[in-house]
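In what follows, a single structure is set out as structure tokens and then discussed.
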Amino acid sequence: MAGAGGGGCPAGGNDFQWCFSQVKGAIDEDVAEADIISTVEFNYSGDLLATGDKGGRVVIFQREQENKSRPHSRGEYNVYSTFQSHEPEFDYLKSLEIEEKINKIRWLPQQNAAHFLLSTNDKTIKLWKISERDKRAEGYNLKDEDGRLRDPFRITALRVPILKPMDLMVEASPRRIFANAHTYHINSISVNSDHETYLSADDLRINLWHLEITDRSFNIVDIKPANMEELTEVITAAEFHPHQCNVLVYSSSKGTVRLCDMRSSALCDRHSKFFEEPEDPSSRSFFSEIISSISDVKFSHSGRYMMTRDYLSVKVWDLNMESRPVETHQVHEYLRSKLCSLYENDCIFDKFECCWNGSDSAIMTGSYNNFFRMFDRNARRDVTLEASRENSKPRASLKPRKVCTGGKRKKDEISVDSLDFNKKILHTAWHPLENIIAVAATNNLYIFQDKVN
Amino acid sequence: MEVQKEAQRIMTLSVWKMYHSRMQRGGLRLHRSLQLSLVMRSARELYLSAKVEAHEPEVSLQPARSPDPRLHRPREAEAEAARLDGEQPSPEPMDTQEAPRAEEAPPRGGPRPAKVSRKRRSSSLSDGGDVGLVPSKKARLEEEEEEAAASPEVPDRLQPSPAQAEGAFPNLARVLQRRFSGLLNCSPAAPPTAPPACEAKPACRPADNMLNVLVRAVVAF
């Protein structure tokens, strides 16, 4: 797993020195629920960064080109496009409101000048085309400059319209709408490596779509029991393998991951591999079942490993070994004794995501109090960092944070009881090629860069 | 006793969360409902096993309290709970339901045996797969039982107004409302060092039935 990914990794080792770069979003103490960020995703080149929020809005940031005259201003991300992806809907049959919250955004690989992304709420997936327009045609024959139709009798000569430059305009238009295929709430979408198909997963089913076809999808996984009273687990996340277009994985609320091969049968109810770590009986507690639920599963870029996130830990699995993970990293083990309080304030149900860096040498996930954790797999080191307005001076280095678990609290440490459980970092993203990370803290998006970068 | 109180508190909390989750935007979330029902099941098992532990030393001191059914039923409940723990994916409340229900039979006296047999029949019905009928049947039974046993205990101000029970499953909603207020009354009323006789108080007992109803009803969503 020696990752010599593009740029960023210093020759001496993986010693990151994270510095504040930018923060996006309002500073108000009063956060509107609609502005809470619900998903963050870099595109394949890392030049575009998309966020979705609870209000159904998508904001895309673009990295500015490096400016030779200002070498210190390493490409900043500025707003490129904003559009309303989903609106609240009402299911009249079930008397239910369908939330407009964007659950996931996934970029398609770029094939032409335009950019395409998939965004989904609980029920409907949309394919958006984001294109630039910097030229405008002038000199039409049948209409004049403000668009009014010209009187045909007044036209005495023909002219060829000329393209003239205009202010850059970025347009987002919905190209496909994939609706009515999910009875339960969609939790994941994943674009296949064939760039033609993608999957969408809800609590009980996974569907396979073709990007061009909206009126049909194939159900490839169905775990709905004949008798709903026998329901014991639900699907929590699903993803396609980054290179093998026939392989997908899905995680469950019971802490297991199933790998399916679409070549073996049309309906992948029988898994090809089953990843489960036997439970440690000494750590069994009242809430063991619900904290073992996997909230996110991500393949490594190499495709050799996958990572799962449950409430207290992140685990790295080798796809060739189903019996147990090859690495387990504790995110916030000090919360194990507080599970009852976390159940009371609903925090125990928080679904944290996780991500790999471009070279698969490091992994990152969020925690509470606007802390996020980074694990360096090679150096076997981990660090806790904080996304806060106080540490928001340009290029200021982030100081590692420490949570005091008991006994005497040292200076600069924070005690478990002082943690703010309303400030949670559920969504993070790592630039695919460089050491740039995007961290969503409620309604703010923090961008940090590695000093060496 | 502490364990029992804590388990009951968690059960109450879980019921409340389940009820509340129906009101949320986006509708009932299957994953959340499943997690809540899992916690409720664990809490109930804890509650029952704690109750069993509390009962067993008392039983030998109070032979007049029809000890034999009580001795046997709690043991059954324990065994059921242990068996269920071992075989994970099994329909959860059905098997243990028999035991706690049967526990109620001895203290009630005259009219009870007739009601107990009605409950058993309904539980075997749901085994047969008449899923659609079971929740509403249970709700009616709960209402009858509650009216008979708990109405003198629930003050008028806590009676929910009928208008609140709206939505797709009005019976269930009404049951939930009444149960919740019933539980609110139950917990502070129970003295901490109650002898087993108090455990048989009707107000505390229905909690088990309600849980069975709720766990199944919510999962059936």
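Each chain gets a letter, A, B and so on, in the order its sequence line appears, and its residues count up from 1. Only a predicted model underlies this, so the values are computations on that prediction, with no experimental measurement involved.
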Next on the checklist: What I want to find out is whether A/Lys123 reaches A/Glu100 closely enough, with some N-O distance under 4.0 Å, to be called a salt bridge.
Outcome noted: no
Item to check | Side chain / backbone / both / neither for A/Ile235 at chain B, heavy atoms under 4.5 Å | outcome: neither
Checklist entry - If you tally heavy-atom pairs under 4.5 Å against chain B, which of A/Asp202, A/Val234, A/Ile98, A/Leu96 wins? => result A/Val234
Checklist entry - Side chains of A/Ser367 and A/His332: do they bring a donor and an acceptor to under 3.5 Å? => result yes
Checklist entry - So what's closer than 4.5 Å to chain B heavy atoms on A/Ser288: side chain, backbone, both or neither? => result neither
Checklist entry - Relative to chain B, which segment of A/Ser253 carries a heavy atom at a distance below 4.5 Å: side chain, backbone, both, or neither? => result both
Checklist outcome for this item: When the 4.5 angstrom heavy-atom criterion is applied to A/Glu233 and chain B, the contacting part is backbone
Next on the checklist: Salt bridge check, A/Lys254 against A/Asp310: does any charged N sit closer than 4.0 Å to a carboxylate O?
Outcome noted: no
Next on the checklist: Which atoms of A/Asp346 are under 4.5 Å from chain B, going by heavy atoms: the side chain, the backbone, both sets, or neither?
Outcome noted: both
Item to check | A/Ser200: which of A/Ile206, A/Leu118, A/Ile189 passes side-chain contact (heavy atoms from CB on, under 4.5 Å) | outcome: A/Ile189
Checklist outcome for this item: If one checks every heavy atom of B/Ala43 against chain A at 4.5 Å, the contacting part turns out to be both
Item to check | Pairing of A/Glu97 and B/Arg25 as salt bridge, 4.0 angstrom limit | outcome: yes
Checklist entry - So which part of A/Phe287 gets closer than 4.5 Å to some heavy atom of chain B, the side chain, the backbone, both or neither? => result side chain
Item to check | Toward chain A, the part of B/Glu6 with a non-hydrogen atom under 4.5 Å | outcome: side chain
Item to check | Student check: side-chain heavy atoms of A/Ile294 and A/Ser252 closer than 4.5 Å | outcome: no
Checklist entry - Does the ring of A/Phe349 carry B/Arg32 above it, NZ/CZ under 6.0 angstrom from centre and within 45° of its axis? => result yes
